[in-house]
Amino acid sequence: MWNRQQVKEQAKQIMKRNFWKMFVVALIAGILSGDYVTVIQAVQDFVPDVVLPSMFSSILSFLSMGSIVGYLFSIFIGNVIVVGKSRYFIKNHDVNPELGEIFSGFKGNYLNVVKIMFLMNLKILLWLFLFIVPGFIKAYEYSMIPYLLAENPNLSADEAFSLSKQMTTGQKMDLFVLDLSFLGWIILGLICCGIGILFVLPYPEATNAEVYLILKESVKKDEYATVIQSN
């Protein structure tokens with residue numbers, strides 16, 4: 001149905017025409033989403049204090065704290081940004097979308113997006129607490145949910161989880177190997193003063209969006225169309 005070379009080559013072609021906007025989207029989304037701690041640390045380590053405004057630096061440090069505020073930020077803002085980022089990269093397949101797409105999750109059924117993304121992360125966390133390997137398997141099973149919500153924010157939780165499960169059935173090992181294929185790029189980015197990883201981010205993001213677009217076609221068209229029409 002799909003292979004790593006196919007989706008990665010497609011992602012490279014997209015990057016050639018739109019890399020810098022993709023870079024900005026991945027960077028902003030990385031700071032404001034669940035990945036913000038890693039990105040913030042990379043920025044703070046690379047940019048001197050005289051360059052990074054003290055107020056902005058303080059805000060980043062505050063958001064990076066493992067506090068209640070940080071968790072609430074992740075639930076009500078970070079997870080929604082992940083959905084918006086997914087929407088941007090889906091649209092980026094065909095057109096040159098606006099940067100504002102990363103905030104699209106706040107439009108429409110915002111609370112539904114918050115709820116389903118929270119349930120997704122909670123389920124993954126509980127599975128990881130119980131059994132590490134099944135936890136990773138479930139993470140891949142739920143991996144299409146942000147993309148599904150990006151296109152259909154009115155999906156119910158049952159619909160989102162069911163569709164993601166259908167799309168990833170028989171695909172989890174391939175998705176895992178795909179993630180491993182970026183390991184070399186990530187290591188290279190870390191070697192380059194750590195800041196290099198920021199320039200790598202658009203590559204896996206674009207590739208994963210390509211995989212979603214392919215897997216979406218594997219879902220029974222009648223059922224998928226029924227779900228969309230009902231929302």
Side-chain angles (χ1 to χ4, degrees), residues 1-4 6-8 11 29-30 33-39 66 68 70-87 89-90 105 112-153 155-187 190 197 200-201 203-220 223-224 227:
M1 182 182 299
W2 65 276
N3 57 68
R4 295 193 308 279
Q6 172 192 356
V7 293
K8 293 177 78 171
S33 70
D35 298 325
Y36 64 83
V37 174
T38 300
V39 176
I68 295 177
Y71 291 123
L72 291 176
F73 181 91
S74 178
I75 292 170
F76 291 99
I77 297 179
N79 289 342
V80 182
I81 291 294
V82 171
V83 173
K85 175 188 66 176
S86 300
R87 181 175 176 84
F89 279 98
I90 290 172
N112 187 58
V113 171
V114 169
K115 179 186 73 174
I116 295 176
M117 290 295 291
F118 172 75
L119 290 175
M120 181 191 77
N121 289 324
L122 178 62
K123 287 186 177 184
I124 292 173
L125 184 62
L126 292 176
W127 274 104
L128 286 172
F129 278 151
L130 292 174
F131 306 101
I132 297 297
V133 174
F136 279 105
I137 293 174
K138 285 297 180 180
Y140 281 105
E141 179 180 312
Y142 304 152
S143 61
M144 298 297 119
I145 289 178
Y147 297 96
L148 289 165
L149 289 176
E151 291 194 305
N152 308 286
L155 286 176
S156 69
D158 288 342
E159 290 168 340
F161 281 96
S162 176
L163 286 171
S164 184
K165 181 178 181 178
Q166 290 183 54
M167 292 168 67
T168 56
T169 297
Q171 306 293 328
K172 298 180 187 66
M173 180 56 69
D174 290 333
L175 292 171
F176 174 68
V177 174
L178 177 63
D179 283 344
L180 285 181
S181 70
F182 292 108
L183 187 58
W185 286 98
I186 293 173
I187 293 174
L190 291 173
I197 194 172
V200 175
L201 292 177
Y203 191 15
E205 293 289 358
T207 303
N208 289 330
E210 292 301 308
V211 173
Y212 165 76
L213 291 171
I214 295 173
L215 293 183
K216 185 174 70 171
E217 299 300 320
S218 68
V219 179
K220 294 180 180 179
E223 180 175 351
Y224 191 77
V227 170

### Message
Restricting to salt bridge (Lys or Arg N to Asp or Glu O under 4.0 Å), what partner residues turn up for K8, sequence neighbours left out?
### Response
none

### Task
Measure across V83 and P146 and return the closest heavy-atom pair with its distance rounded to 0.1 Å.
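For V83 and P146, the tightest heavy-atom pair comes out as CG1-O, 3.8 Å.
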
### Query
Looking only at heavy atoms, which two atoms of G105 and V80 are closest? And how far apart?
C-CG1, 3.3 Å

### Query
Short question: side chain of T169, backbone of K165 - any donor-acceptor pair under 3.5 Å?
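A pair under 3.5 Å: yes.
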
### Task
Please check if the side chain of S162 supplies one atom and the backbone of E159 the other of a donor-acceptor pair under 3.5 Å.
no

Please report the interatomic distance [atom1]([X]) to [atom2]([Y]), rounded to the nearest 0.5 Å.
X: E210; Y: E205; atom1: CD; atom2: CD; result: 12.5 Å
X: S143; Y: L148; atom1: OG; atom2: CG; result: 9.5 Å
X: T168; Y: M144; atom1: OG1; atom2: CE; result: 7.0 Å
X: D174; Y: L215; atom1: CG; atom2: CG; result: 9.5 Å
X: L175; Y: L180; atom1: CG; atom2: CG; result: 11.0 Å

Is [Y] close to [X] at the side-chain level, that is, under 4.5 Å between some pair of heavy atoms?
X: F89; Y: N208; value: no
X: K172; Y: F136; value: no
X: I90; Y: Y212; value: yes

### Task
Sequence neighbours left out, what passes side-chain contact (heavy atoms from CB on, under 4.5 Å) with V177? Give chain and number order.
R4, M173

Quick one: side chains of residues 112-132, donor-acceptor pairs under 3.5 Å with protein atoms, not counting sequence neighbours, listed by atom name and distance.
from : atom 1 : to   : atom 2 : distance (Å)
N112 : ND2    : P153 : O      : 2.7
N112 : ND2    : L155 : O      : 2.7
N121 : ND2    : N79  : OD1    : 3.3
N121 : ND2    : M117 : O      : 3.3

### Query
So with a 6.0 Å cut-off around CZ of F76, is the heavy-atom count from everything else above 12?
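Not buried by this count: 12 neighbours or fewer within 6.0 Å.
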
### Message
Assess, by modelled atom type and distance only, whether the side chains of Q171 and W2 contain a donor and an acceptor separated by less than 3.5 Å.
### Response
yes

